[in-house]
Engineer: 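Got a structure for you, questions after.
A note on names: the letters A, B, ... follow the listed sequences, proteins ahead of strands, and every chain is numbered from 1. The shown structure was predicted, so the numbers you read here are calculated from the model rather than taken from an experiment.
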Amino acid sequence: MKIQAPKGTRDFYPADMAWHMHLLDAWRAVSVRNGFEQVDGPIFETLELYKVKSGEGIVSELFSFRRTGGETDFAIRPEFTPTLARMVADKANALPKPIKWFATPNFCRAERPQRGRLREFWQWNVDLLGLDTPAADAEVIFTCVDLLAELGLDSTQVRVKISHRAVVKQVLEKLGVPEDKLPGAFTLLDKRDKMTPDEFTKEAGKLGLDEARVQRFEEVCRRKYASGDLMHLARSLAMDEPPEDLVKLDEQLRAFGLADWCEYDLGIVRGLAYYTGVVFEVHEATGVERAIAGGGRYDQLIELFGGPAMPAVGFGMGDVVLSNVLADKGLIPDDVGPRPDAFVLAASDEAAAQLPAVVSELRRAGLHARMSYKATRNVGKLLKDATNCGAKFAVIVGEQIEVKNLETGDQSAVGRDALLDALR
RNA sequence: GUGACCGUAGCUCAGUUGGUUAGAGCAUCGGGUUGUGAUCCCGAGGGUCGGGGGUUCGAGUCCCCUCGGUCACCCCA
């Protein structure tokens, strides 16, 4: 009987795993150099935990289960924030501030798979808690950009689109959107790119805005403003000065050298109700893919999970969309797997008896040594195997031992006791 | 959860209006030749055509269901 892998999951064969580990390594290395410490939690939590932030509605999106004979409902983790909030809330008083944590866990969501979205995925989570400054927002965004650059992307290929919850609310109020219509206005912002101008105008009209204001609303939410260009935003809104929160954020982004990567786009909403300040998404520049990363400031969430009042800002970056984008741009190298230092082959049957001794000596010395398992003594064929596995040196065991540098083609005979040195 | 398209070997594909034991290239494995990453030659394994049911004398070809894939909607924590 042949059983297929569950819908929306991936098998990682050696070549896939090599890239996967390369990505996880990059996430970790960038996190560490930006001063974040790695954490993790259980792969399942009580179902209850996920209802705290997202409500009952979340349940249908989860893989939840009850142990046979048990009475507690559990769910495989669909995201990291509740676990993080729980961990922070538990030890909030003992932890040195600011708290700078990252994690690279896998998550499961019961969604219908499509491009950029699977049922199991890995996500890099970066969170900075205990600081409520624009500098903290900028540092987190810097960390995100640092990773993108590390993997070979530049500011023409990906864009960090930034908005700000409080500023958008302020803008909507300035436009005259009544309090009770604010949620509708947020939805409209989110959907703007999927609507024709006519549909947009019609929907905007329902917010109680007159024609001139509908037009202004549309301009503000469709237009992008470069860093340093906030006066244009102010003008679009008929304001004397741009919103103070954005001005301060922009100063910090520039201080971190991020101006080229970022643009202000008030149409970035993020579905989440819990964001309180900055929100941002990273997109491929032409906008063909789903968001590569998304995050923002959530100053009230730790309290929601029973912790003390604690400001926080963070983001998540999934492996699926990121890999799609990198693949499209030819930025996934095929040589990221472990590369053998030496490939040991026998040129005669007598020599074959020496392979275990030679290989084990190299391995004990810490070298990554492989050998041929084939019966053939055809040196040409065996050298091809050596090349195919990416080995740096071939060790040809015959009447004497010869070391061939597979990159330069240089080959020379070495004494048995000089072998290790020849490979270093 | 809704809708559309798609499933033949590990990969890319061929397979006549339904008609014998389902094919090719690449890859894999083995062998031969030439002590050097190559070339050439020979050979092998591998598929019950995603799975199940139906129609038929006969189904990879037609129908239904189901599983999986792709895409859009939804959602996007």
Side-chain angles (χ1 to χ4, degrees), chain A residues 1-11 13-16 45 49-55 57-62 75-85 105 107-119 121 123 125 127 187 190-191 194 268-275 279 281 283 288-296 298 301 304 314-318 320-321 324 343 345-348 351 372-400 402-413:
Chain A
M1 180 152 73
K2 209 169 178 181
I3 297 177
Q4 296 170 308
K7 183 196 295 195
T9 62
R10 288 166 289 175
D11 291 326
Y13 288 87
D16 310 310
E45 294 269 9
L49 182 74
Y50 296 116
K51 293 184 187 170
V52 172
K53 178 178 130 217
S54 309
I58 197 66
V59 175
S60 66
E61 304 290 325
L62 300 177
I76 300 176
R77 57 187 176 191
E79 58 163 326
F80 195 63
T81 306
T83 299
L84 177 98
F107 300 105
C108 290
R109 298 179 185 177
E111 298 186 277
R112 195 81 168 262
Q114 55 187 275
R115 184 168 176 83
R117 182 214 270 179
L118 297 175
R119 287 186 155 193
F121 56 94
Q123 192 182 70
N125 285 258
D127 292 276
T187 306
D190 196 28
K191 305 233 157 126
K194 290 182 179 172
I268 296 298
V269 173
R270 305 291 296 152
L272 310 315
Y274 62 83
Y275 283 124
V279 291
E281 290 181 355
H283 285 263
V288 294
E289 302 279 356
R290 309 170 73 81
I292 296 169
Y298 51 99
L301 206 62
L304 186 63
F315 69 87
M317 178 187 291
V320 183
V321 177
N324 284 345
F343 185 91
L345 58 94
S348 69
S372 173
Y373 296 91
K374 287 185 177 170
T376 183
R377 304 300 166 219
N378 181 327
V379 175
K381 279 185 183 173
L382 295 173
L383 281 173
K384 187 181 181 188
D385 289 342
T387 305
N388 285 345
C389 75
K392 295 168 190 154
F393 292 96
V395 176
I396 304 166
V397 183
E399 290 180 10
Q400 55 183 352
E402 290 171 63
V403 170
K404 183 181 185 95
N405 183 321
L406 292 171
E407 281 159 12
T408 64
D410 296 341
Q411 180 172 338
S412 58

Engineer: If we take the P atom in both B:rC41 and B:rA27, what is their distance in whole Å?
Structural biologist: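 The same atom, P, in both gives a distance of 13 Å.
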Engineer: Check every atom of B:rC75, B:rC76, B:rG37 against the side chain of A:K191 and return the nucleotide holding the closest atom.
Structural biologist: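 Closest nucleotide to the A:K191 side chain: B:rC75.
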Engineer: Decide yes or no for A:K53 and A:E79: does some side-chain heavy atom of the first lie under 4.5 Å from some side-chain heavy atom of the second?
Structural biologist: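 Side-chain contact under 4.5 Å: yes.
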Engineer: Using atom CZ of A:F107 as one end and atom C1' of B:rC76 as the other, report the distance to the nearest whole Å.
Structural biologist: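 Distance, rounded to whole Å: 14 Å.
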Engineer: Closest-nucleotide mapping onto RNA chain B: is A:Y275 or A:D410 further toward the 5' terminus? I mean the 5' end.
Structural biologist: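 Nearest nucleotide further toward 5': that of A:D410.
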Engineer: Please determine whether a side-chain nitrogen or oxygen atom of A:K404 lies at a distance below 4.0 Å from atom OP1 or OP2 of B:rU36.
Structural biologist: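 Checking B:rU36 against A:K404, no side-chain N or O comes under 4.0 Å of OP1 or OP2.
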Engineer: Give, for atom CG of A:N125 and atom CZ of A:F107, the distance between the pair rounded to the nearest 0.5 Å.
Structural biologist: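 The CG atom of A:N125 sits 4.5 Å away from the CZ atom of A:F107.
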Engineer: Could you give the CG-to-P distance, from A:L62 to B:rC75, as a whole number of Å?
Structural biologist: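 In whole Å, B:rC75 P lies 17 Å from A:L62 CG.
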Engineer: B:rG45 pairs with which nucleotide, Watson-Crick or G-U wobble, both distances below 3.5 Å?
Structural biologist: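 None - no nucleotide pairs with B:rG45, as no candidate has both distances under 3.5 Å.
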Engineer: What is the distance from atom CZ of A:R77 to atom OG1 of A:T83, rounded to the nearest 0.5 Å?
Structural biologist: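 Taking CZ in A:R77 and OG1 in A:T83, the distance rounds to 7.0 Å.
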Engineer: Considering only the P atoms, how many Å lie between B:rC63 and B:rU16, rounded to the nearest integer?
Structural biologist: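 Approximately 15 Å lies between the P atom of B:rC63 and that of B:rU16.
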Engineer: Going by heavy atoms in the side chains, are A:V279 and A:V269 under 4.5 Å from each other?
Structural biologist: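 Answer no - side chains too far apart.
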Engineer: Under 4.0 Å, counting only non-hydrogen atoms across every strand here, what does A:N125 touch: a base, just sugar-phosphate, or nothing?
Structural biologist: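 If one applies the 4.0 Å heavy-atom cut-off, A:N125 turns out to touch nothing in the nucleic acid.
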Engineer: Distance between the P atoms of B:rG47 and B:rG32, in whole angstroms?
Structural biologist: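 Looking at atom P only, B:rG47 and B:rG32 are 27 Å apart.
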Engineer: Does B:rA4 pair with anything, Watson-Crick or G-U wobble, both distances under 3.5 Å, and if so, with which nucleotide?
Structural biologist: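 Base-paired to B:rU70.
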Engineer: I want to check something: taking the side chain as every heavy atom from C-beta on, are A:E407 and A:K392 in contact at a cut-off of under 4.5 Å?
Structural biologist: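 Yes, their side chains come closer than 4.5 Å.
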Engineer: Taking only N/O atoms, report every protein-nucleotides 25-32 of chain B pair under 3.5 Å with atom names and distance.
Structural biologist:
residue, atom, partner, partner atom, Å
B:rG32, O6, A:K381, NZ, 3.1

Engineer: Partner lookup for B:rG25, please. Criteria are Watson-Crick or G-U wobble with both distances under 3.5 angstrom; report none if nothing qualifies.
Structural biologist: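 Here B:rG25 is engaged in a pair, and the nucleotide opposite it is B:rC11.
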Engineer: What's the gap between B:rU70 and B:rG50 when it is taken at their C1' atoms, as a whole Å value?
Structural biologist: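 15 Å, rounded to whole Å.
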Engineer: Report the base-pairing partner of B:rU34 (Watson-Crick or G-U wobble, both distances below 3.5 angstrom), or none.
Structural biologist: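 Pair assignment: B:rU34 / none.
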Engineer: Looking across every strand, which nucleic acid part, if any, lies under 4.0 Å from A:G316 by heavy atom: base, sugar-phosphate, or nothing?
Structural biologist: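 No contact at all - A:G316 keeps every heavy atom at 4.0 Å or more from the nucleic acid.
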Engineer: Tell me the interatomic distance from A:Q123, atom CD, to B:rC76, atom P, rounded to whole angstroms.
Structural biologist: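 The answer, rounded to whole Å, is 14 Å.
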Engineer: Calculate, to the nearest 0.5 Å, the distance between atoms NZ and CG belonging to A:K384 and A:N378 respectively.
Structural biologist: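 The CG atom of A:N378 is 11.0 Å from NZ of A:K384, to the nearest 0.5 Å.
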Engineer: Is the shortest side-chain N to carboxylate O distance from A:D385 to A:K374 below 4.0 Å?
Structural biologist: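 Yes, charged N to carboxylate O under 4.0 Å.
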Engineer: Within the 4.0 Å heavy-atom criterion, would you say A:L382 contacts the bases, only the backbone, or no part of the nucleic acid?
Structural biologist: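 No contact.
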Engineer: Counting distance alone, no hydrogens or angles: does the base of B:rC75 have a donor or acceptor under 3.5 Å from a partner atom on the side chain of A:R117?
Structural biologist: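 Such a pair exists between side chain and base.
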Engineer: Which nucleotide wins on minimum distance to the side chain of A:Q114, given the candidates B:rC75, B:rU36, B:rC71?
Structural biologist: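 It is B:rC71.
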Engineer: Mind checking the C1' distance from B:rU61 to B:rG45? Whole angstroms is fine.
Structural biologist: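 Rounded to whole Å, the distance is 28 Å.
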Engineer: When rounded to the nearest Å, what value does the distance between P atoms of B:rG37 and B:rU12 take?
Structural biologist: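 32 Å, rounded to whole Å.
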Engineer: Could you give the CD1-to-P distance, from A:I58 to B:rC76, as a whole number of Å?
Structural biologist: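 The distance from CD1 of A:I58 to P of B:rC76 comes to 8 Å, rounded to the nearest Å.
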Engineer: Please check if atom CD in A:E399 has more than 12 non-hydrogen atoms from other residues, nucleotides or ligands closer than 6.0 Å.
Structural biologist: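 Result for CD/A:E399: open.
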Engineer: Roughly how far apart are A:L118 CG and A:R109 CZ, rounded to 0.5 Å?
Structural biologist: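 Between A:L118 CG and A:R109 CZ, I get 11.5 Å after rounding to 0.5 Å.
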Engineer: How many whole angstroms separate atom CD of A:E61 from atom C1' of B:rG1?
Structural biologist: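 About 9 Å, once rounded to whole Å.
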Engineer: Classify the nucleic acid contact of A:Y274 as base, sugar-phosphate or nothing, counting any heavy atom under 4.0 Å across all strands shown.
Structural biologist: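 Sugar-phosphate contact only.
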Engineer: Once you round to the nearest 0.5 Å, how far does CZ of A:R119 lie from CZ of A:R10?
Structural biologist: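 Between atom CZ of A:R119 and atom CZ of A:R10 there are 14.0 Å.
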Engineer: Figure out the CD/P separation between A:E111 and B:rU2, and round it to whole Å.
Structural biologist: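 Going from CD in A:E111 over to P in B:rU2 covers 15 Å.
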Engineer: If you pin A:G116 and A:D190 to their nearest nucleotides in RNA chain B, which one's is more 5'?
Structural biologist: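 Closest to the 5' end, via its nearest nucleotide, is A:G116.
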Engineer: Please tell me which of the listed nucleotides, B:rC75, B:rU70, B:rG35, lies nearest to the side chain of A:P113?
Structural biologist: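 For A:P113, the side-chain atoms sit closest to B:rU70.
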Engineer: Got a second to check how far A:Y274's OH is from A:L301's CG, nearest 0.5 Å?
Structural biologist: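 Here the rounded value is 6.5 Å.
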Engineer: Rounding to the closest angstrom, what is the interatomic distance between B:rG30 and B:rG15 at atom C1'?
Structural biologist: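 So the two C1' atoms sit 30 Å from each other.
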Engineer: When you compare B:rU21 with B:rC49, how far apart are their P atoms, in angstrom units rounded to a whole number?
Structural biologist: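 Their P atoms lie roughly 14 Å apart.
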Engineer: To the nearest angstrom, how far is A:R10 atom CZ from B:rG69 atom C1'?
Structural biologist: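 Rounding to the nearest Å, CZ of A:R10 and C1' of B:rG69 are 15 Å apart.
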Engineer: With the side chain counted from C-beta on, respond yes when A:K404 and A:L383 share a heavy-atom pair under 4.5 Å apart, and no when they do not.
Structural biologist: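 Side chain of A:K404 against side chain of A:L383, heavy atoms only: contact under 4.5 Å found.
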Engineer: Return the nearest nucleotide to the side chain of A:R115; candidates are B:rC71, B:rU36, B:rC75.
Structural biologist: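 Output: B:rC71.
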Engineer: Are there any protein N/O atoms within less than 3.5 Å of an N/O atom in nucleotides 3-6 of chain B, and if so, which ones and at what distance?
Structural biologist:
residue, atom, partner, partner atom, Å
B:rG3, O6, A:R112, NH2, 3.4

Engineer: Pick base, sugar-phosphate or nothing for A:G8, based on heavy-atom distances below 4.0 Å to the nucleic acid.
Structural biologist: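 The answer is sugar-phosphate, as A:G8 gets under 4.0 Å only of primed atoms, P, OP1 or OP2.
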Engineer: Check the distance between B:rG50's C1' and A:K7's NZ and give it to me in whole angstrom.
Structural biologist: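 Going from NZ in A:K7 over to C1' in B:rG50 covers 15 Å.
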